[in-house]
Amino acid sequence: MSNKQAVRVRFAPSPTGDLHVGNIRTALFDWAYARHTGGKLIFRIEDTDTERVTDQYINAAIETLKWLGLNWDEGPEVGGEYGPYLQSQRLDIYATWAQKFLDQKDAYHCYCSADELEERRQVQMKSNQAPGYDGKCRDLSADQIEKFKQAGRKPVVRMRMPDGETVFTDAIRGEVKFEHKYVPDFVLARADGSPLYTLAVAVDDVLMKITHVLRGEDLLSSTPRQIRVYQAMGVKIEEYPIFAHLPFVMGQDNAKLSKRNGEVSIAWYREQGFLPEAICNYLALLGWSPGDDKENITMAELVELFTVERVNSSPARFDMKKLEAINGDKIRALTLDEFLGWALPFLINSKVISGQADEIEVVKSALPIIQERIVKLAEIPAMLSFLFVKDFKVAPEELSKISDAASQNVLKVALSKVEVLSSWDHTSIESSLRVALIEELGLKPRVAFSALRIAVTGSHISPPLFESLQLLGKERSIDRIKAVISK
Ligand code: GLU
């Protein structure tokens with residue numbers, strides 16, 4: 001996708017809730033394209049629907065992008081030459097353009113009520129016509145207008161769609177054509193003067209000198225209307241932005257991604273402990289590929305390799321398992337200090353620790369033994385809580401697994417061996433227990449060690465046993481084994 005001008009690409013969400021996977025995939029591609037080309041990323045909030053787009057969601061969107069590392073060059077907080085970047089602060093601009101379109105006769109006042117429109121729509125459907133505005137108010141006489149006014153009707157501003165078609169080249173889909181008989185005259189501004197999406201988006205893309213519009217495929221059908229607004233603004237065809245519509249993101253079942261077939265809210269991924277780099281890495285693969293079957297990439301590699309030519313037009317399928325695998329890889333690649341930084345909030349929020357220095361030291365010594373084992377940070381509290389619980393007790397359902405004679409025997413033998421150990425490190429513990437339980441008693445490792453695991457950690461799933469014993473210390477380990485040996 002070539003363009004002589006410096007690239008200016010925008011991400012323009014209407015946050016009516018937490019940003020979802022689809023929004024973030026778009027933001028990521030916008031960001032990667034801007035960074036790859038050395039252009040600018042413009043972040044614009046489309047909040048003309050003030051009832052659904054609230055300050056809370058706007059702030060959350062800003063925070064989420066920052067957390068993901070998707071920085072912008074112009075937009076909220078950073079400002080820029082073409083601001084303001086919140087559409088709610090640009091209403092007078094849209095009103096001025098709507099008036100200009102009326103003056104030019106590109107647009108007209110439409111007095112049809114919602115009920116009348118609906119009634120006519122029903123008739124169109126019944127007679128197998130494409131539903132849409134029928135042009136009733138296109139050429140009202142002065143008399144007719146006067147009558148509507150007398151009746152107290154307030155008009156909307158409606159754009160006149162000429163006969164013919166709109167053809168443009170989408171950078172991902174190639175030539176796209178819309179026949180205008182399926183693109184009826186559309187509303188630019190409501191009766192109260194507030195703008196609709198099509199007016200605001202097109203005016204802003206022009207005024208903000210946007211060169212590339214990379215966005216979801218769901219917006220493809222709005223493109224001919226936006227192009228109509230450009231024409232009315234007097235923009236030359238060679239100055240239109242280049243459109244690139246990204247493929248849909250589907251759930252595992254090939255239906256559109258929703259809460260039902262995959263989690264959509266980015267907040268959820270954050271709570272689960274997916275790293276921002278893993279989320280970005282995985283979302284980058286939804287519709288794009290770096291080539292060579294490579295799947296684990298860094299943000300720097302994404303920037304280096306990202307081109308629109310490598311974006312696929314067919315729908316991408318969301319695969320949680322793959323995301324988890326990538327997250328596990330990213331966790332393993334963290335340095336100990338980085339891992340500690342990510343782990344502490346999870347441990348503190350779940351009240352496993354309160355955050356004191358001595359606790360942090362213990363966490364630091366324990367993290368290396370779980371780094372290979374987890375795929376999400378949210379698993380950490382359950383894995384490490386055995387090191388911190390006061391009044392440790394094995395829950396009855398786990399206890400019942402180790403009350404049989406064979407388990408009790410394992411525990412007694414293990415106790416007698418570890419009690420006499422002079423050095424409490426995981427290699428000494430392991431070799432003494434292997435000799436006693438595997439070689440001498442002839443048990444299978446899984447059978448031999450699972451009773452012990454439950455006794456000291458309270459769960460049959462835990463970090464590696466011998467390291468866990470070392471971290472727990474000799475005294476606490478022995479106390480815990482004794483506590484589950486039946487009297
Ligand atoms: N604000 C629109 C939305 O969130 C997207 C605007 C655009 O990218 O053209 O659906």
Side-chain angles (χ1 to χ4, degrees), residues 7-34 39-54 56-62 64-65 70 72 74-76 82 84-91 93-94 166 168 170-173 176 178 183 186-188 194-230 233 235 240-249 256-258 264-266 283 287 308 311:
V7 165
R8 290 176 58 81
V9 54
R10 90 298 195 279
F11 173 54
S14 308
T16 51
D18 278 325
L19 292 186
H20 55 75
V21 168
N23 296 136
I24 294 300
R25 198 271 314 254
T26 300
L28 178 68
F29 283 30
D30 288 329
W31 176 85
Y33 188 66
K40 290 223 157 79
L41 178 64
I42 290 87
F43 177 20
R44 181 174 74 226
I45 305 274
E46 307 215 317
D47 59 343
T48 52
D49 182 351
T50 45
E51 281 188 6
R52 295 175 62 221
V53 183
T54 63
Q56 180 202 342
Y57 294 141
I58 294 173
N59 293 335
I62 293 172
T64 298
L65 288 189
L70 304 179
W72 52 97
E74 291 173 29
Y82 302 95
Y85 294 90
L86 261 71
Q87 289 189 331
S88 58
Q89 297 172 8
R90 302 171 62 80
L91 299 180
I93 301 177
Y94 313 129
T166 298
F168 65 94
D170 184 281
I172 295 168
R173 266 141 240 285
V176 184
F178 288 93
V183 188
F186 55 95
V187 178
L188 294 168
S194 61
L196 270 92
Y197 162 71
T198 320
L199 173 63
V201 76
V203 165
D204 284 349
D205 284 343
V206 172
L207 299 185
M208 294 180 181
K209 300 205 167 12
I210 299 303
T211 61
H212 293 78
V213 173
L214 274 72
R215 61 179 179 184
E217 187 179 337
D218 50 322
L219 293 160
L220 181 64
S221 62
S222 72
T223 312
R225 289 189 283 271
Q226 277 158 252
I227 289 180
R228 174 72 186 104
V229 177
Y230 302 157
M233 290 176 82
V235 179
Y240 294 175
I242 291 173
F243 287 93
H245 286 92
L246 308 171
F248 281 121
V249 180
K256 214 173 160 209
L257 191 66
S258 70
V264 284
S265 148
I266 287 295
L283 293 186
V308 173
V311 178

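Just follow the structure's listing: the first ligand is 1, and inside any ligand the first atom is 1.
- Contact check for Leu19 versus Leu65: side-chain heavy atoms found under the 4.5 Å cut-off.
- Two residues are said to be in side-chain contact when any heavy atoms from C-beta on lie closer than 4.5 Å; Leu220 and Arg173 meet this criterion.
- Counting heavy atoms from C-beta outward, Ile58 and Ile62 have side chains that approach closer than 4.5 Å.
- For ligand 1, the atoms closer than 4.0 angstrom to any heavy atom of Pro13 are 1 (N), 4 (O).
- Put simply, the side chain of Asp205 never gets that close to the backbone of Ala202: no donor and acceptor are under 3.5 Å apart.
- Neither side chain, Arg8 nor His212, offers a donor N or O lying under 3.5 Å from an acceptor on the other.
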CA sep, side-chain torsions, deciding dist, call: Phe243, Phe168, ring-ring contact (aromatic ring centres under 6.0 Å, His included): CA-CA 8 Å; Phe243 287 93; Phe168 65 94; 5.6 Å; yes
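- Side-chain polar atoms of Glu46 and Tyr197 form no donor-acceptor pair below 3.5 angstrom.
- When only interatomic distances are considered, the shortest N/O to N/O separation between Ala12 and ligand 1 falls below 3.5 Å.
- Within the listing of ligand 1, atoms 9 (O) sit less than 4.0 angstrom from a heavy atom of Val201.
- The protein heavy atom nearest to atom 3 (C) of ligand 1 is Ser14 OG, 3.7 Å.
- With a 4.0 Å cut-off on non-hydrogen atoms, Tyr197 touches ligand 1 through its side chain and not its backbone.
- Proximity of Leu219 to ligand 1, defined as any heavy-atom pair under 4.0 Å, is confined to the side chain (atoms from C-beta onward).
- Judged by the shortest distance from any of its heavy atoms, Arg10 lies inside the 4.0 Å radius around the atoms of ligand 1.
- With hydrogens left out, the protein atom closest to atom 6 (C) of ligand 1 is Glu46 OE1, 3.3 Å, a heavy atom.
- When only interatomic distances are considered, the shortest N/O to N/O separation between Gln226 and ligand 1 does not fall below 3.5 Å.
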